[in-house]
2 protein chains.
Amino acid sequence: MESQDLRKVGLKVTLPRLKVLEILETTDHRHMSAEDVYKALLEMGEEIGLATVYRVLTQFEDAGLVSRLSIDGGHAVFELEDGSHHDHLLCVRCNRIEEFVDDVIEQRQRAIAVEKGFEMTDHSLYIYGICRHCQSS
Amino acid sequence: MESQDLRKVGLKVTLPRLKVLEILETTDHRHMSAEDVYKALLEMGEEIGLATVYRVLTQFEDAGLVSRLSIDGGHAVFELEDGSHHDHLLCVRCNRIEEFVDDVIEQRQRAIAVEKGFEMTDHSLYIYGICRHCQSS
DNA sequence: GGTGTAAATGAGAAAGGTTTTCATTTATAT
DNA sequence: ATATAAATGAAAACCTTTCTCATTTACACC
């Protein structure tokens, strides 16, 4: 059923690709590292190589199926692309990731790029803090 | 003359620390990686180990003397702390880094953290793009 | 349905930036 | 001066990610 999704973006339909997609679609953790995906697949009894997971995730990113977040100075996490641009809040205690959209910030960013003579290609905004849950525990 | 700065933050005054500080204070590149600092010192004829540069920069960061920028998915760069909070624009062609301050964005970030129940500890915002210089060349 | 071919995979090696280990040296308090 | 805890340098270890290359697989074509 996702075979079409893969073909649509010019990727051959292979078991590893289907399985990675399945993990991303069925996990309760919207944000997963390559390692997370790899371990989830092993736990499901799938045989897959870590290098393949990295390759597939990168292909998915290029194809616009997922987006990659580069968390401060460390590993990357991936999220299924749902077409909505958003930025992220990260809990420094439990690593929970929440999403938000703010048009005011989006607009200011564009204005700043113009002011500084930059042709903006991308931006990344992370708010770090302690989430509600961790504050009370 | 910077010996006091080091003592003030509880660091012994050692040659490597003085030299790293000197590089950061005298370079025309406000943003330098550990490797950059290391190479600059070697070129000055100083003997220093790369591990020491990393250690010293991390200590300076902890002491509030420098701040560390974690550039998208790669190495870190350091800048002398001048007390002013600012964010960064990065040129994806030439790696030039420019700084900006925007109170509207700062305020929106605080508001979003509150809305989401986060106690904000930090944030990072990078605008990526093509700088004026690179657009015209 | 076979079959050829280019693409995909897996295992392990390699890369790149950063941190750790540990023996040696050094700064500072006494 | 001297003792002691801290700092240093070199090399090894680390960690995430990418690359290499021999083997396997998907898909277009007959």
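Chain identifiers are assigned alphabetically (A, B, ...) following the order of the sequence lines, protein sequences preceding nucleic acid strands; residue numbering begins at 1 within each chain. Quick caveat: nothing in here was measured; it's all calculated off a predicted structure.
At a threshold of 4.5 Å between non-hydrogen side-chain atoms, the residues His133(A) and Arg96(A) count as touching. Contact of the Thr27(A) side chain with the Met32(A) side chain is registered, since non-hydrogen atoms from C-beta on lie closer than 4.5 Å. In this structure, Leu6(A) and Thr14(A) have side chains that are not in contact, with every pair of non-hydrogen atoms separated by 4.5 Å or more. In this structure the side chain of Arg30(B) never reaches within 4.5 angstrom of the side chain of Ile97(B), judged on heavy atoms.
Which of dT18(C), dT17(D), dG10(C) sits closest to the side chain of Pro16(A) comes down to dG10(C). Minimum atom distance to the side chain of Ala76(A) is reached by dT17(D), of the listed dC19(D), dT17(D), dG17(C). For Ala51(A), the listed nucleotide lying nearest its side chain is dG12(C); candidates were dA8(C), dG12(C), dT8(D). The listed nucleotides are dA7(D), dT9(C), dT18(C); the one nearest the side chain of His75(B) is dT18(C).
Rounded to whole Å, the distance from CZ on Phe60(A) to P on dT17(D) is 17 Å. In this entry the distance linking CD1 of Ile48(B) with C1' of dT25(C) reads 15 Å, nearest Å. Protein atom OH of Tyr38(B) is 12 Å distant from nucleotide atom C1' of dA11(D), rounded to whole Å. We find that CG of Leu50(B) is positioned 18 Å from P of dA13(D), with the value rounded to whole Å. Going from atom CE of Met32(B) over to atom C1' of dG17(C) covers 17 Å, rounded to whole Å. In this structure, Ile71(B) atom CD1 and dG16(C) atom P are separated by 19 Å, rounded to whole Å. Separating the CD atom of Gln59(B) from the P atom of dT20(C) is a distance of 12 Å, rounded to the nearest angstrom. Atom OH of Tyr54(A) is separated from atom C1' of dG10(C) by 15 Å (rounded to the nearest Å).
No contact: Ala34(B) has no heavy atom under 4.0 Å from any strand. Residue contacts for Arg55(B): at a heavy-atom cut-off of 4.0 Å it reaches a base atom on one of the strands shown. Among the protein residues, Glu35(B) comes within range of no part of the nucleic acid, since none of its heavy atoms lies under 4.0 Å from any strand.
Summarising the geometry of Cys91(A) relative to Ile130(A), their closest heavy-atom pair is SG-CA, 4.1 Å, with the distance given to 0.1 Å. The heavy-atom pair separating Gly129(B) from Phe118(A) by the smallest distance is C-CD2, 3.9 Å.
Between Glu79(A) and the choices His86(A), Arg68(A), His29(A), the side chain to side chain donor-acceptor pair (under 3.5 Å) rule is met once, by His86(A).
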Show each protein N/O and nucleotides 26-28 of chain C N/O combination with a separation under 3.5 Å, one pair to a line.
{"from": "dT28(C)", "atom 1": "OP1", "to": "Arg7(B)", "atom 2": "NH1", "distance (Å)": "3.4"}
{"from": "dT28(C)", "atom 1": "OP1", "to": "Val13(B)", "atom 2": "N", "distance (Å)": "3.0"}

